[in-house]
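One structure below.
First listed ligand is number 1; within each ligand, the first listed atom is number 1.
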Amino acid sequence: MRTSALLLFAFSGSCFAQTAILQSPNGNIKITISDELTTPSYSIDFKNKPVINSSALGFKFKQQAPFSEGFKITHTQKYTQNTQWQQPWGERQIVTDNHNEVAVTFKKPQGGVFTVKFRAFNNGVGFRYELPKQPGFENIEITKELTEFAITDSQSATAWWIPARGWNRYEYVYNTTPVNDAPLVHTPFTFKNKEGVHVSIHEAALVDYAGMTLNQRRPGVFQADLTPWSDGIAVKKQGAFNTPWRTIQIGSKAVDLINSDIILNLNEPNKLGDVSWVKPGKYVGIWWGMHINTQTWGSGEKHGATTQTTKYYMDFAAEYGFDGVLVEGWNIGWDGDWFFNGDVFSFTQPYDDFDIEELTRYGKQKRVQLIGHHETSGNVTNYRNQMEDAFALYEKSNVSQVKTGYVADGGNIKRIDENGVARHEWHDGQFMVNEYLYNVKLAAKHKISINTHEPIKDTGLRRTYPNWIAREGARGQEFNAWGTPPNPPEHIPMLAFTRMLAGPMDFTPGIFDMGFNGLGDDTNRPQTTLAKQLALYVVLYSPIQMAADLPKNYLAKPDAFQFIQDVPTDWQQSIALDGEVGDFIVFARKERKRDKYSGNDWYLGAVTDEKARTIEVKLDFLEKGKKFEAHIYQDGKNAEWKNNPYDLNIEKRMVTANDKLTLTLATSGGTAIRFKAL
Ligand code: NOJ
Ligand code: CA
């Protein structure tokens with residue numbers, strides 16, 4: 001429903017300022033958009049208290065005059081939406097999109113016009129700039145986006161963040177500091193004020209634009225800092241365009257940030273049509289061995305990707321219900337120091353000891369798919385030149401999922417430009433934003449899904465391109481093999497309220513042998529209990545989940561392995577029940593129906609940081625009047641991550657929605673439960 005909105009007029013100093021006001025459907029969120037002092041700005045209140053103070057809007061351009069001072073509101077248009085849509089796969093099948101919208105047009109008498117479209121949801125705000133066609137704006141080079149986020153009472157607010165524009169991309173340990181101490185940071189940028197209101201700033205639908213990082217310019221005032229091209233320009237555009245949505249999720253509790261679909265709702269619907277070929281599932285792979293140095297990507301005695309080893313993994317996958325086998329190091333180019341070898345990767349030529357045709361045949365016979373791998377070492381031109389052939393080969397080989405990799409230091413993606421000159425780009429600049437999406441779209445033509453490592457951050461594009469099935473974009477399990485330091489015990493409850501707000505992560509859970517160097521080596525091992533590794537399958541959402549350890553380590557602990565065999569990766573519903581950022585998190589999820597046997601069970605995952613804790617969970621998410629057999633996997637009495645990670649209790653118990661469970665989590669421990677419907 002479209003209605004034209006009344007503008008509010010307020011007298012301010014020497015001139016009349018105009019103000020547009022937008023409220024969320026439940027009235028909890030109020031956005032005020034203003035042109036006071038002829039500078040476009042907005043502010044946000046949550047439950048009648050400010051959370052974002054007056055914050056600037058606008059742009060600076062290389063050629064044109066800035067869109068900042070001198071602009072007045074000339075028009076507003078309101079719109080209301082309350083609809084539902086379906087996800088082909090996801091944390092929940094049905095998503096509700098209930099928001100109010102106002103489009104506010106700013107004009108400058110001397111020339112220049114733009115609209116900012118605001119959407120107020122019950123649990124947050126999205127806004128984007130829309131630049132219409134206008135004289136002098138045929139070629140646009142944005143040098144700065146002037147968008148600010150001025151955090152109310154920032155001196156008493158706590159933030160959780162990773163630095164932006166560093167060599168390690170998004171792969172940093174999270175920091176907890178006063179908001180005022182956060183430097184240039186990545187989004188999702190999560191913080192809470194002293195009243196306990198939780199906020200997370202991120203973006204949605206990042207397409208053909210630079211990734212937004214946040215730069216604290218004055219205490220509490222963060223300015224959008226767009227990751228530039230190698231020539232220093234932030235964004236290059238021609239004619240009319242819309243920016244990605246800037247998102248501000250707001251909730252009274254930490255878990256409100258998670259139980260929110262704002263990012264997805266601000267993305268365009270599916271553009272790929274029938275995507276029944278995009279399949280959630282579980283996989284194993286020739287992978288961890290390379291990370292713990294028992295195998296190599298490159299050729300030679302310890303080469304992991306051999307026909308024989310792949311067949312062994314296919315047998316294992318078939319026997320224990322996995323859909324695919326990832327094989328890394330199958331293609332020529334890994335010899336030498338592959339980190340610096342991006343120029344020589346072939347994406348179509350296997351090593352001699354990897355018979356792709358035979359493995360295609362064997363996989364079909366076993367009903368297990370080969371999962372493809374394209375590591376580029378950041379040389380995107382070399383990859384681009386072979387991409388079509390590479391996908392064609394995989395399509396022919398019955399491969400429907402490819403993991404890509406862009407291992408290169410931040411700012412060191414190598415592209416060869418139109419003049420044959422090598423340029424070095426950031427992973428989150430406009431050039432790479434486009435490159436990643438090009439890859440996903442081309443893959444779709446071959447009915448291939450993409451799992452990007454060293455990606456651009458997720459902004460919900462899986463709604464529009466459902467074959468963008470997962471990505472990395474934070475420190476994954478691999479850091480527990482060789483990271484200095486490895487992921488600390490608080491890493492998972494930190495990810496849940498930061499990185500995971502963006503979308504699915506291919507973390508690769510399920511390491512069962514924590515002591516591959518001996519348990520005493522606590523820098524090169526997961527700093528978790530075994531129960532916590534199981535809980536990750538429920539806590540860290542991804543439609544594809546790896547069982548990352550070596551098969552022999554699963555065979556050595558068959559009882560615990562049962563949970564990985566049972567847990568699904570596609571959900572009817574997901575609820576973050578309880579948690580605090582960086583401390584703990586508890587999720588309940590109901591499996592999605594795949595056939596007449598599935599779709600009735602619930603699962604629970606809980607993890608804690610370095611503190612042991614007891615958590616009471618009401619089972620009122622279960623359907624009333626139904627009985628469930630709870631298969632509970634929890635830390636044993638003597639479990640603690642350092643010296644006794646394997647102490648695991650497995651028990652079965654009948655429960656109903658009226659019951660409560662008391663979970664006892666060891667230091668860096670967890671609980672995983674299957675509620676089997678009877
Ligand atoms: C980094 C990825 O995150 C990891 O999973 C992969 O094994 C290596 N790159 C090699 O491609
Ligand atoms: Ca990585």
Sequence neighbours left out, cut at 3.5 Å: what donor-acceptor pairs do the side chains of residues 400-410 make with other protein atoms?
unit_1: Ser400; atom_1: OG; unit_2: Gln369; atom_2: OE1; d: 2.9
unit_1: Ser400; atom_1: OG; unit_2: Gln369; atom_2: NE2; d: 3.4
unit_1: Lys403; atom_1: NZ; unit_2: Glu328; atom_2: OE2; d: 2.7

Relative to atom 6 (C) of ligand 1, which among Glu328, Gln477, His453, Glu375 owns the nearest non-hydrogen atom?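 The residue whose heavy atom sits nearest atom 6 (C) of ligand 1 is Glu328.
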Check each of Arg475, Lys403, Glu472 against atom 5 (O) of ligand 1 and report the one with the nearest heavy atom. Lys403
Whether the [X] and [Y] side chains hold a donor-acceptor pair (N or O, under 3.5 Å, no angle test) is what I'd like checked.
X	Y	answer
Thr569	Lys282	no
Asp335	Tyr351	yes
Glu435	Asn439	no

Test of understanding: given a 4.0 Å heavy-atom threshold, classify the contact between [X] and ligand 1 as side chain, backbone, both, or neither.
X	value
Tyr406	neither
Phe479	neither
Met290	neither

For [X], the ligand 1 atoms whose distance to one of its heavy atoms is below 4.0 Å:
X	value
Trp334	10 (C), 11 (O)
His373	11 (O)
Trp287	4 (C), 5 (O), 6 (C), 7 (O)
Glu454	1 (C), 2 (C), 3 (O)
Glu478	1 (C), 2 (C), 3 (O), 4 (C), 5 (O)
Val407	1 (C), 9 (N)

Could you say whether the N/O atoms of Trp297 and ligand 1 ever approach to under 3.5 Å? no
Is there at least one pair of N or O atoms, one from Trp338 and one from ligand 1, spaced under 3.5 Å apart?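 No, no N or O pair falls under 3.5 Å.
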Cation-pi check, Arg415 to Phe431: give yes when NZ or CZ is under 6.0 Å from the six-membered ring centre and within 45° of the ring axis, no otherwise. yes
Should Lys445 and Glu388 count as an ion pair when the cut-off is N to O under 4.0 Å?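 Looking at Lys445 and Glu388, the cut-off is not met.
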So that I can tick it off, tell me whether Lys414 and Asp343 are bridged by a salt bridge, with the cut-off set at under 4.0 angstrom between side-chain N and carboxylate O. yes
Qualifying residues under salt bridge (Lys or Arg N to Asp or Glu O under 4.0 Å), relative to Asp458, sequence neighbours excluded: Arg471
Can you find a non-hydrogen atom of Phe339 under 4.0 Å from ligand 1? no
Between Gln477 (side chain) and Ala548 (backbone), is there a donor-acceptor pair under 3.5 Å?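 No; zero donor-acceptor contacts below 3.5 Å.
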